[in-house]
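Each remark here refers to the structure printed beneath this line.
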Amino acid sequence: MTVLGQLRVELSRLKDIDRVLVAAVVPLMVIGVLSIYSALAGKGGVALDMALKQSAWCALGAVAFAAAFAFGHERALKYGYWIYGGVLLSLVAVLVAGYTAKGATSWFDFGAFRFQPSEPAKLSLSIVLAVFLCRYPPKTLVNISGAILLSSLVVVPVLLQPDLGGVVVYAFMIFVALVLAGMPRKYILLLAGVALLSLPLGWSMLKEYQKLRMLVFLNPSIDPLGAGYNVIQSRIAVGAGGFFGKGFLQGTQSRLHFLPEAHTDFVFSVFSEEFGFAGASLVLALFAILLWRMLSTSAKSGDPRARILVEAVSAWIWFQLFENIAMAVGIAPVTGLALPFVSYGGSSMVSLGAALGLVQSIHVSSRPQYE
Amino acid sequence: MRIMPGIRRSLLTRLSIWRILVMLSLVLLLAVLFRLQVLQADLYVNLAARNRLRLVRMAPARGRVLDANGTVLATNVQTFDLMVYPLDLRNRETAAEVSRFLKARGIPLDEGLMLARVTKEYTVPYRAVTLLPNLTLAQLSSLVSAPDFPGQLIPVPVWRRVYPAGPLVAHVMGYVGEVTREELQRYAPGDYRGGDFVGKGGIEEYYEGLLRGTPGEEALEVDARGRKVKRVAYLEPQRGEDLQLALDLGAQRLASELMAGRAGAVFAMDVHNGDVKVLFSSPGFDANPLAWGISGREWDELVRDPLRPMLNRVIAGTYPPASTFKVVPAFAALAENAVTRSTTFTCTGGMRVGNRLFRCWKREGGHGPVNVVTGLRDSCDVFFYQAGLRVGIDKLVKWASAFGVGEPTGIDLPGEARGNVAGPAWKLERFREKWYPGDTANYSIGQGFLLLTPIQLARIYAAIANGGYLVTPRLLEGAEEGVSARLPEKPLPIVRQGVEEAVLRGTGRRAGEYGVSVAGKTGTAQNPHGDDHAWFVGYAPVENPRYVAVALVEAGLHGSSAAGPVVGELLGYLCKFD
């Protein structure tokens, strides 16, 4: 069969994907585009450009979805280590030749756009964890250490960028994968203990402004115009939305530039100010549907590797969404993690699209063959 | 791996727990949102309404630009703008108060005019707009110290760019202006905001990142009527870096005097490291009014001027190189062993190629026996027809490309043209026509489709003078030196002898009358729109070449009389004050 013919067969399986999940993701993307436009509307001509760019990223995310789906999770798992190797190389390359913004060397600069390899690394890490943990179940200390060592290959370069927010996501994904792959309870406690004990070490690695952010999180009023400013202003934005919100483009917080990074980190605040509790609950509901359906796919799959893959992806999406929204309402420190599918960003959108593509490949293959 | 049913069940239990935790966490967020947006909504709505911070962006002072001797080419003067938030002026009472205050001080800005001015700049209600621009410190302080100074007016120091040398360096410097929509897209989001100034053209644009500095911001707390209560935060703008250029303003001035009243380009640089000493395009324009803002009509006049003063002819004007190009076929013929030092052709004033007669410029009697050195000296066309046909067009194009024809030189200025190496492939694509031997003949004397910028031509002669290195011209002193792979050395002494002879005894004699030994070549380029363009390009001193210079005089008729003296006098100046 020709390659094209084969591709057509693979893509014809798209009719069996989880439509409920798709129906949850698409509105999230639309909310993202609208909020990005609104967040930048006060800054001159950039608003429309960025909204259009984000729409392009959404389209590219859909392409990544279809591509990953056609490639299939079987192949992804088979070539898991190779993909991982490629991602590691790009992470090292970005340290050497990357573009530096906001103090972190995290991007490849292609002129028209920038690419952040630590985003696809999240998907690649999920795949490699799935392969490794099924071959070497985390029952013994050796296997657990092996999994941690293997994953730290992506953690270290990202730590060097430095992108601590990214590192925390990786760490959480590794932890969830280990637990859900059956790590004995005593080792769960051990790992949690080690994490707690290493907190002081982690603290000493933080930059001054990051320490300040942590302290500010504990008490925003210690620095109301500096680091605490973001938290306070974001809370005001969310709270001022009320039940139904102020209406599209009517938010004053972002328009007055009280909200920093309004189109990336604080996009949820912009949306909540303009669409209120009604809109914010819609976002939460959409994420709930998304995660619920993903984990259903995981539970139904007969392939343990596929299960861990989906679980790790769910940990990634959950952690970022929880941290981002919690930050916007002031119950978590500011880390600069993007809200999946909503915040501005191409690398994230494409990686998430590909991740969902693999999840759907698993979903389709674990459907009963007869109905 | 085989999984026992028991283990599988325990894994599924953990998955269910994870699932439930995820859902619970979302419920927790929902609860927090409910509290914030429903239970405490009034509190936060109030807070937002009372959010009486006004942020005012403070433009940084751009770095100064100096010439090689420290003369200032671009600097800043401080003036002050009085800014206002449009939403404050919506209040009639406030508007009346402001207008009364200004009128009492002789500034006739009634409410209507004020609103018109604000509307003109208006984008969103939450961005300060300029009400009164360009106040001096004395004017400002007399306003601000008045007891009834309206607190809604925000004095902001601004830096206006001035170019003391005016039109002399306009094409080198470019100018600054308010950032446009396209530029906002070009730079990283967030770096620029509408109303910011950005370099346009020239050094101002190329080194924008170094010159600009970092904008600051002032956060003011205001009362319910928008009057300043106090400054709550202030982020000082960071001054941009000063830049020193290799350019010599004295030589630049000489070039402008020599070109007075004529359109064209003059360029000179160090043959070894590419330090640009003179870069002058005529006619010029004064960048000062552009930096302060000119009317649309004035702008239209500037860009519609048929003499095109905004065009930097040195790097963006492309012209047929004519006879100045002959060094390239000479070099190619020697490098490919198609001719040697002693190969002689006989010029009878023309020759037949195909069924067409190609003339030498000296139609009556011709030059008689000519070799490569006398060919260059007398600029004998027949010699180069013969040599070019022997070498063949592919090799000619190869060597022209090796000399950088068809590629930008990489000078640190935006908007450089590539010119056109115009070989058979290009002709086929452009005209769907094959290449004839007659085209090769034309090519060999620098006519036909070939197009070069003056700076490309200077670079070719620099390579001949410096032993075969193609240098990258640079304006910024100490910018990275760019030197290409070396061209073969063997033909160079012969070509050099040819262009030395051209000034000593040949067509370029007029360039050698300024107290320094010059080697160079004249050129007269056919101009379909009028009189021929005059070229001269050369280097000096001959014994130990230091500078290369080129002059192009549009419609100057003869290279020897119109352009030669310009280059000669300029090289004399540069070598004398070295």
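All figures in this text were calculated on a predicted structure; none of them were measured in a lab. Note on naming: letters A, B, ... go to the chains in the order of the sequence lines (proteins, then strands), and numbering restarts at 1 for each one. FYI, side chains are in, hydrogens and waters are out, and symmetry mates aren't considered; it's all heavy atoms of this structure.
Of the atoms belonging to A/Val179, heavy atoms from both backbone and side chain fall under 4.5 Å from chain B. Using a 4.5 Å cut-off between heavy atoms, A/Ala315 contacts chain B through both its backbone and its side chain. If you measure heavy-atom distances from B/Leu43 to chain A, you find no contacts under 4.5 Å at all. Interface remark: A/Phe268 contributes side-chain atoms only to the contact with chain B (heavy atom separation under 4.5 Å). Only the side chain of B/Leu12 comes within less than 4.5 Å of a heavy atom in chain A; its backbone stays farther off. The part of B/Val38 that comes within reach of chain A is its side chain, from C-beta onward, which places non-hydrogen atoms under 4.5 angstrom from that chain.
With chain B as the partner, the residue from A/Leu321, A/Leu180, A/Val329, A/Val176 showing the most heavy-atom pairs under 4.5 Å is A/Leu180. Heavy-atom pairs under 4.5 Å with chain B peak, among A/Ala326, A/Ser298, A/Ser296, at A/Ser296. Contact tally against chain A (heavy-atom pairs below 4.5 Å) for B/Thr13, B/Asp42, B/Leu26: the top residue is B/Leu26. The residue among A/Trp292, A/Phe287, A/Phe243 with the most heavy atom pairs within less than 4.5 Å of chain B is A/Trp292.
B/Arg161 has a carboxylate O that lies under 4.0 Å from a charged side-chain N of B/Glu204, or vice versa, which qualifies the two as a salt bridge. A salt bridge does not link B/Arg62 to B/Glu241: none of the charged side-chain nitrogens sits closer than 4.0 Å to a carboxylate oxygen.
Side-chain N/O atoms of A/Ser301 and A/Ser366 include no donor and acceptor closer than 3.5 Å. For the residue pair A/Ser126 / A/Trp316, no side-chain donor-acceptor distance below 3.5 Å is found, with atom types taken as modelled.
Classified by interplanar angle (parallel below 30°, tilted 30° to 60°, perpendicular above 60°), the ring pair A/Trp318/B/Trp18 is perpendicular. Relative ring orientation between A/Tyr344 and A/Trp57 is described as perpendicular, the plane-to-plane angle rising above 60° on a 0-90° scale split at 30° and 60°.
For the residue pair A/Ser38 and A/Glu274, the shortest heavy atom distance occurs at OG-OE2, 2.5 Å.
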